[in-house]
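Here's the structure we're looking at; comments come further down.
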Amino acid sequence: MPPQTPDKSSLIYTAFYCEENVYYLCKTFSEILDKNKENYEIYVCFISNKTRSVPIKRQLAAKSPDGFVIWTYANESLPLVDLPEYHRKYRVVPSETFLRVFASDRSHMSKNNDSTISPPNYPPIFTAETTMNLPSFISMTENLDSADFGKVLNENEFFEF
């Protein structure tokens with residue numbers, strides 16, 4: 001039986017900072033599994049493409065309930081819009097790897113005046129090695145040799161996975 005998931009209101013969440021929200025969700029699940037001495041495989045999935053334009057339905061940011069939002073990339077998988085010009089690829093990373101190597105200095109959220117969009121009230125996520133590697137996770141044109149960035153899969157491979 002899967003572990004009991006925490007109440008959504010108890011999770012760390014900041015609008016538009018999906019990769020950081022996913023980071024803290026993975027951290028919460030990791031702590032729950034460690035505490036309960038349970039073993040589950042948890043993965044993070046980045047969805048993007050060559051144009052870095054991913055349409056996803058049922059987003060709070062959509063102008064209408066039936067509409068969709070085109071994100072630069074996404075950390076969620078369903079429900080997706082199937083449009084040929086937005087052919088998706090999926091970078092799948094084990095949660096424990098993502099927690100160990102992910103870093104974001106939030107520079108991708110900067111506007112022209114160097115202010116960030118609704119910044120979280122906690123510091124950016126860094127590792128001892130780097131302050132920013134988000135572009136390596138988002139990139140779908142390269143399949144990095146390092147296992148630290150998971151595997152890039154096409155849609156068929158993703159659904160088989």
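These numbers come from a predicted model, not from an experiment.
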Go through it in stages, so that I can follow the logic: the residues are N49 and K89, the test is side-chain contact (heavy atoms from CB on, under 4.5 Å), and I'd like the CA-CA distance, side-chain angles, deciding distance and then a yes or no. CA-CA 6 Å; N49 53 32; K89 289 197 174 186; 5.8 Å; no
List the steps and the verdict of ring-ring contact (aromatic ring centres under 6.0 Å, His included) for Y13 and Y24. CA-CA 8 Å; Y13 174 83; Y24 285 106; over 10 Å; no
Y122/I12 under side-chain contact (heavy atoms from CB on, under 4.5 Å): CA gap, chis, key distance, verdict: CA-CA 10 Å; Y122 49 83; I12 294 174; 3.5 Å; yes
Audit row: Y40, F29, ring-ring contact (aromatic ring centres under 6.0 Å, His included) steps and yes/no: CA-CA 10 Å; Y40 287 90; F29 278 122; 9.5 Å; no
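Of the possible polar contacts, one joining the R91 side chain to the S139 backbone as a donor-acceptor pair under 3.5 Å is found.
Here I47 contributes atom CD1 and R88 contributes atom CZ; the two are 7.5 Å apart, rounded to the nearest 0.5 Å. For the atom pair E38 CD and L33 CG, the distance stands at 6.0 Å (nearest 0.5 Å). Note that CG of D34 and CD of E31 are 8.0 Å apart. Values are rounded to the nearest 0.5 Å. To the nearest 0.5 Å, atom CG of residue L153 and atom SG of residue C45 are 8.0 Å apart. Separation of atoms CD1 (I32) and CD1 (I42) is listed at 8.5 Å; rounding is to 0.5 Å. Atom CG of L99 sits about 9.5 Å away from atom CG of L25, to the nearest 0.5 Å.
Across every non-hydrogen atom of Y17 and P119, the tightest pair is OH-CA, 3.6 Å. Considering all non-hydrogen atoms of both residues, V101 and N133 come closest at O-ND2, 2.6 Å. When all heavy atoms are compared, the tightest approach of P6 to L11 is CG-CD2, 3.6 Å. Residues S104 and P124 approach most closely at O-CB, 3.2 Å, considering heavy atoms. Taking all atoms of both residues into account, the shortest heavy-atom contact from R100 to T127 is O-CG2, 3.5 Å. Between F102 and I125, the shortest heavy-atom distance links the atoms O-CG2, 3.6 Å.
Few gaps surround CG on D7; more than 12 heavy atoms of other groups in view lie less than 6.0 Å from it.
Annotation: side chain of V44 is not in contact with side chain of V92 (no heavy-atom distance under 4.5 Å).
Aromatic rings from Y90 and F46 are positioned such that their centres are separated by 6.0 Å or more. Aromatic ring centres of F98 and F137: separated by under 6.0 Å.
A salt bridge links E20 with R106: at least one charged nitrogen is closer than 4.0 Å to a carboxylate oxygen.
By the side-chain contact (heavy atoms from CB on, under 4.5 Å) test, D105 pairs with S107, F126, T131, M132, sequence neighbours left out.
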